[in-house]
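Letters A, B, ... mirror the listed sequences (proteins, then strands); counts begin at 1.
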Protein chains: 2
Amino acid sequence: MANHLDSFFSAISDPTRRAVIERLTRGPAPVSELHAPHDMALPTFLKHLKVLETAGLTRSVKKGRVRTVHIEAAPLAAAENWLTTQRKLWEGRLGRLSALAERLEKGGDA
Amino acid sequence: MANHLDSFFSAISDPTRRAVIERLTRGPAPVSELHAPHDMALPTFLKHLKVLETAGLTRSVKKGRVRTVHIEAAPLAAAENWLTTQRKLWEGRLGRLSALAERLEKGGDA
DNA sequence: TAGATGGTTAGCCATGTGGCTAGGTAATGC
DNA sequence: GCATTACCTAGCCACATGGCTAACCATCTA
C-alpha cells in the first residue's frame, strides 16, 4: 500500500525536480527548455527527468529529435490526499482533546 | 526557499517513517511503543526517528529513561500547501485551455 | 545494590543517489 | 551531404542512506 507514495515523495524531495514540476504546471515543455535554467550537465538533468517519469509524475513523447514532457496530475492529488488525511486526523485529535479539557473544566476536576 | 520541503518530503518518502507519522497522529508515544510494530533493530529505527525530528516533523522529550515523541503539525501543512498550489495551477491551466477550446469552437475556427 | 529496562553511540557494510565526462545516434538545417 | 542540434548511453566517483552488531549509559525495581 505504501509503494507509490515512496517514489512520489522521494521524487519531489529534490529541489531541481520540484522546479521542473512547477514549470510543468504551466504547460508541457521540451527537455532542452526544462534543462536551461538548471546549472548542471544534461545527462545529470536527464536522470532527474527519469526519476519523475518513473514515479509517474510526468510523461513524455518524442517527436523527431525533441522530447516533450508533460505533467501527470493524479499522483499529485494522491500524495496531497495522504497529507490531508494525516493533518485532519491530527486536528481531530486536538479537537477531542480540547473537548475533553472542556468537560474536565465543567466538572471542576482540574 | 526549497530547503524545508527537501528534508520534509525526503523524510516521508520512507514507509517506516510514514507509519510512524500515522501512528503519531493518534497521539504521542514512547520510542519503544513506536518501534514495536517494525521488524528492525532498535538503532536502525532510532535513525528513522532522528530523520523525522531533524526534518521538523516530530519533537521528543526524555523523562527518566523514556523518550516520548510527538508530531509537529506545521510542516505537514506547508507541504500539503505546496502540493495544493501545484495542483491548482495545473487545474487552472486546464481550465484556461478548455475555455480557449470553447472560444475557438464558437468562432467556428476548428 | 544488582538486574532489568529503555535508549544511545560507534562503527561496519551494501546499495542508492546525484554529480561528472566522453562518446554515440538520429533528426534537421544549410 | 555535412554540421548542428537534441537527446541518449555508459561508466566513473563521492557521499548519503538504511540496515546490522556490539557495547555502553542511565534509571527504575526488587
*Can you see which heavy atom on B/W82 is nearest to which on A/I12, and at what distance?*
CZ3-CD1, 4.2 Å
*Round to the nearest Å and state the distance from B/D6 atom CG to D/dT17 atom C1'.*
16 Å
*Can you name the residues that form a side chain to side chain donor-acceptor pair (under 3.5 Å) with B/S60, not counting sequence neighbours?*
B/E53, B/R67
*Nearest-Å distance, CG (B/D14) to C1' (C/dT15)?*
14 Å
*asked:* Treating B/S10 as the side-chain partner and B/S7 as the backbone partner, does any N or O pair qualify as donor plus acceptor under 3.5 Å?
replied: no
*Spacing between B/K62 atom NZ and C/dT9 atom P, to the nearest angstrom*: 8 Å
*Name the closest nucleotide to the A/R67 side chain, picking from D/dC7, C/dG18, D/dC8.*
D/dC8
*Could you check how far NE2 of B/H38 sits from C1' of D/dG19, rounded to whole Å?*
15 Å
*State whether the side chain of A/T44 and the backbone N or O of A/M40 hold a donor-acceptor pair below 3.5 Å, judged by distance alone.*
no
*Measure the distance from CD on B/E33 to P on C/dG6 and round it to the nearest whole Å.*
12 Å
*Find which nucleotide of DNA chain C each of A/S13 and B/K50 is nearest to by heavy atoms, and output the residue with the more 5' nucleotide.*
B/K50
*Nearest whole angstrom, please: distance from the P of D/dA6 to the CG of A/L34.*
13 Å
*Going by heavy atoms closer than 4.0 Å, what residues in residues 51-60 of chain A are next to DNA chain D?*
none
_B/S32 side chain near C/dG7 phosphate (N/O to OP1/OP2, under 4.0 Å)_ = yes
*Taking atom P of D/dG18 as reference, at what distance in whole Å does atom CD1 of B/I12 sit?*
14 Å
*List the protein contact pattern of nucleotides 20-30 of chain C with one symbol per nucleotide (5' to 3'): B for base contact, S for sugar-phosphate-only contact, - for none; contact means a heavy-atom distance under 4.0 Å.*
BBB----BS--
*So, is A/H48 close to the C/dG19 phosphate, meaning a side-chain N or O under 4.0 Å from OP1 or OP2?*
yes
*Side-chain donor-acceptor pair under 3.5 Å between B/E72 and A/W90, yes or no?*
no
*Given atom CG of A/L46 and atom C1' of D/dA6, what is their separation to the nearest angstrom?*
10 Å
_The side chain of A/R17 is closest to which nucleotide in this list: D/dC7, C/dG18, C/dT8?_
C/dG18
*Going by atom types only, do A/H70 and A/R59 share a side-chain donor-acceptor pair under 3.5 Å?*
no
*Identify the heavy atoms of B/A55 and B/A11 that sit nearest to each other, and give their distance.*
CB-CB, 3.9 Å
*Could you pull out the closest heavy-atom pair between B/L57 and B/P75, with the gap in Å?*
CA-CG, 4.2 Å
*B/E91 and B/R87: salt bridge (Lys or Arg N to Asp or Glu O under 4.0 Å), yes or no, with the steps?*
CA-CA 6 Å; B/E91 284 169 0; B/R87 185 178 48 74; 3.1 Å; yes
